[in-house]
*Asks:* 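Handing you a structure now.
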Amino acid sequence: MKPKHNNQNRRTFLRKSALAGALTLMGVGGWRPNQSRANQRSSNPLGLGARDFVPTVALSTWRFGLKANAEAWSVLSKGGKSLDAVEAGVRVVEADPQERSVGYGGRPDRDGHVTLDACIMDELGNAGSVAFLQHIMHPISVARAVMERTPHIMLCGSGALEFALREGFKKQNLLTAESEAEWRRWMKDARYTPVVNIENHDTIGMLVRDETGRLSGACTTSGMAWKLHGRVGDSPLIGAGLYVDGQVGAATATGHGEEVIRIAGSHLVVELMRQGRTAEEACREAVNRAQAMFVRRGRDLRDTQIGFLAMRADGQSGAFALRPGFSYARTLVGGQTELLDAPFLLN
Ligand code: GLY
C-alpha cells in the first residue's frame, strides 16, 4: 500500500503546528493534562516557556530512525497524515538489507527462517498487526491492510501470509547472503543465548504527530536473532510494542520483547502520561517496573536492554532505557532532526 500525500503548504503546517503546540501547552483546546499549571511547567524538562516549546513531529528508535524520520517528514511537510507518514517512515528501514533486525535482510530464527512482526495504530484506536509473517518485505503495510480491510486486528503465520498474497503483496526471499552466512556461523555452536542490543539497534518503533495533531505509531522487526521458530515478541502486540491514544499520547518499545510484554510496556507508558507524567518520566517509570520484575525473577540484567519512546498529544516527547546505548531520532516541527541518546537506569 503506497502512502497517499496531499499538497498542503509546508509553511502552513509549520505555523499551525507551532501554534497548536503553544495553545495546548497554554491549556487552550486539545488535550489538557489533569494537573495544575505548576505541573504543566514541570512537565517541560527543559524548563522552557510555552513560546519556546517546539512540538515533536516524529520520533523513532535507533540510528536507522534518522532515515525513517526523513521519509516521514517528507510526508508531513506536504500536509500528509500521521498514519501515512509513520508507514512510509518504517518502510524505508524494512526495505534496507543493511539493517539486520528489521524486514528484508533481518537475521533469521534458529532454523534459518526470517519471520517478521509488525503493528500500526492511529489516534482513534484503529489498529492492525501481523506476527510470524514470512516472505513479505513490508509487514507494516500488511498490518495496515489488516486494520483497514478486515474486521480483525491481528493475523499471524500462514494466515497472515495468505492474506498478504490475496491483497497483492509479493512473495520474496528475505534471507540475504549476509544474514544466511551469519546464521551458518552461529549454527556451528547453535547456543541459544540471545544477546539483545548486539549492534545497537533492534526494532524500529516510530511515533508521528501531524499538523492537525493526529498521532499514529508503527513498530516492525525481524525479532531476536536465532529465536525459536514461532517466537513472537512485543512488536506486533498492541499495548506492548506500541500503543496510541489520541487524547493522551503514544509510546513504542524496543529491546528484549519478553520483558516489554511482561509489563504491557507501551500501554503502561501511555497510562502514566494520562496521569500527568512527562513522556520521559513515563518511560522511566516503565523501565523501573521492568527492572524490578526482572530482579524479582532472579534474572541477570547484563545482556539485556529495553527502551521506550513516548510522545504526548501536545508533541512533548522523551525516551528512557534500561541500559546505555539506546539512541533515537527526533524531528521537531520545522524538520530539524537530531540523533539523541536516551537516559538510562543502569550502567
Ligand atoms: N523488540 C523486538 C523483539 O523482542 O522481538
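Just the heavy atoms: all of them, side chains too, but no hydrogens, waters or symmetry mates, feed the values below. When a ligand or atom number is given, it counts from 1 through the structure's own listing order.
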*Asks:* Drop me the distance from Asp117's CG to Met154's CE, to the nearest 0.5 angstrom.
*Replies:* 7.0 Å
*Asks:* If we ignore hydrogens and angles and just use 3.5 Å, is the side chain of Lys227 paired with the main-chain N or O of Gly233 as donor and acceptor?
*Replies:* no
*Asks:* Could you list the atoms of ligand 1 found under 4.0 angstrom from a heavy atom of Gly223?
*Replies:* 5 (O)
*Asks:* For Lys227 and ligand 1, answer yes if some heavy atom of the residue is under 4.0 Å from a ligand atom, otherwise no.
*Replies:* no
*Asks:* What do you reckon, does Gly255 have a nitrogen or oxygen under 3.5 Å from a nitrogen or oxygen of ligand 1?
*Replies:* yes
*Asks:* Verify the ring-centre separation between His138 and Tyr104: is it less than 6.0 angstrom?
*Replies:* no
*Asks:* Compute whether any side-chain donor of one residue and acceptor of the other, for Ser317 and Thr56, lie under 3.5 angstrom apart.
*Replies:* yes
*Asks:* Would you call Lys81 and Glu123 a salt bridge, using N to O less than 4.0 angstrom?
*Replies:* no
*Asks:* Report the member of Ile261, Leu237, Thr221, Asp234 with the shortest heavy-atom distance to atom 3 (C) of ligand 1.
*Replies:* Asp234
*Asks:* Please work out whether any backbone atom (N, CA, C, O) or any side-chain heavy atom from C-beta onward of Arg231 is under 4.0 Å from ligand 1, and answer side chain, backbone, both or neither.
*Replies:* side chain
*Asks:* Going by distance only, is there an N or O of Gly257 that falls short of 3.5 Å from an N or O of ligand 1?
*Replies:* yes
*Asks:* Hey, is Asp202 touching ligand 1 through its side chain, its backbone, both or neither, going by heavy atoms under 4.0 Å?
*Replies:* side chain
*Asks:* Distance to the ring centre below 6.0 angstrom and angle to the axis at most 45 degrees; does that hold for Arg296 and Phe294?
*Replies:* no
*Asks:* Show me which atoms of ligand 1 lie under 4.0 Å from any heavy atom of Ser235.
*Replies:* 1 (N), 2 (C)
*Asks:* Tell me the closest heavy-atom pair linking Cys283 and Gly318, and the distance in Å.
*Replies:* SG-O, 4.0 Å
*Asks:* Any nitrogen or oxygen of Thr203, main chain or side chain, under 3.5 Å from a nitrogen or oxygen of ligand 1?
*Replies:* yes
*Asks:* Any nitrogen or oxygen of Asp117 lying under 3.5 Å from a nitrogen or oxygen in ligand 1? Just yes or no.
*Replies:* no
